[in-house]
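Indexing begins at 1, ligand by ligand and atom by atom, following the structure's order.
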Amino acid sequence: MANTGIVRFVIFASCVVLTSFGLATGFVGAQQPQNFDNVDIKVQPAQGNVYMLVGVGGSAGGNITVQVGKEGVLVVDTQYAPLSNKILAAIRTLSSGPIRYIINTHVHGDHVGGNENIRKAGSTIAGGNVSGDIQDAAQGAQIIAHDNVLKRMSAPTGAQAPIPSPAWPTSTFVGDDKKLFFNGEGVHIMHQPAAHTDGDSLVFFRRSDVISTGDIFTTTNYPVIDLAAGGTINGIIDGLNKIIDLIIPVYGQEGGTLVIPGHGRLCDLGDVINYREMATIIRDRVQDLVKKGQTLEQVKAAKPTRDYDPLYGSTTGFWTTDMFVEAVYKTLSTRKS
Ligand SMILES: [Zn+2]
């Protein structure tokens, strides 16, 4: 998401192939020019062994979470492929160890575009956690994601896959979660059904006490609901409630669980609560109007987001306020019928 687009476009560094996927939602029109030269990758410590890599300027994609330690490096999301060299350089300021794991929070190109490059720069641990691999475990880091991420990147036999196979997850999970133990801490990957997409995962670093949320939580805009990829407003709110459940704060002082959003700045409990309140209040307003039988145009005219627009609203770009209201309306209308 962010300024350039939730971008349904993965740009593979070598040959600038634009591959659309996710598709068919209202916000796909935004095929904006991509400018990667001006993007800087900034390293920001979260806490414990966990850091946040933030793209600043140009066509920056989603935030990257990096966990480092004696066993190597674990990376959550990989941004755009043309930024891979800058991302790897940033990772190398934190650790010279092998990149062992990549976790994808969801399928969008601004979060998985660098999968192939970052995977090739890494190496899989033999034995141990590699059981269930789909691809050759000997080549590069393991890419872990919910099975729905793989389903949306790949295609039925005979059809062309939306994303070339070297970028696909190599280890997928179905059901609620997957657990790893790496660099001395438990890493809990939790699927959140039908939220931003149908393949969202939260990644909880239990010892460092940091949650990487993907695009279920962002600080930069209204929740992005990718209808075509199975997203819903109620799934977003469920995901935000899950994040809030996991957080243990230290009131009145530094400390407690920290949250790395899909886009935007490092956050704590208060930030997530405020965002959850916004999402819930707007959902309830739209729900009331849907129950009264109002049309989408009537709901838009009622401006259910008005008091939040100064913070999250937009009339331009890939995810406008209108698109958000429409997506909320559609998922609530669908639920009723
Ligand atoms: Zn996304």
* Asked: What's the atom name of the N, O or S in Asp215 nearest to the Zn ion (ligand 1)?
  -> OD2
* Asked: Looking only at side chains, do Glu185 and Ser208 share a donor and an acceptor under 3.5 Å apart?
  -> yes
* Asked: Can you tell which of Thr65, Ile211, Asn49 makes a side chain to side chain contact (heavy atoms under 4.5 Å, CB included) with Phe205?
  -> Thr65
* N, O or S of Asp226 under 2.8 Å from the Zn ion (ligand 1) -> no
* To do: Flag His196 as yes if one of its N/O/S atoms falls below 2.8 Å of the Zn ion (ligand 1), otherwise no.
  => yes
* Do you know the tightest heavy-atom contact between Gly264 and Thr220? -> CA-CG2, 3.9 Å
* Atom name of the N, O or S atom in His106 that lies nearest to the Zn ion (ligand 1) -> NE2
* For Arg92, does its backbone N or O pair with a side-chain atom of Ser95 as donor and acceptor, under 3.5 Å? -> no
* Asked: Salt-bridged, Lys151 to Asp198, with N to O below 4.0 Å?
  -> no
* Asked: Of all the N, O or S atoms in His108, which one sits nearest to the Zn ion (ligand 1)?
  -> ND1
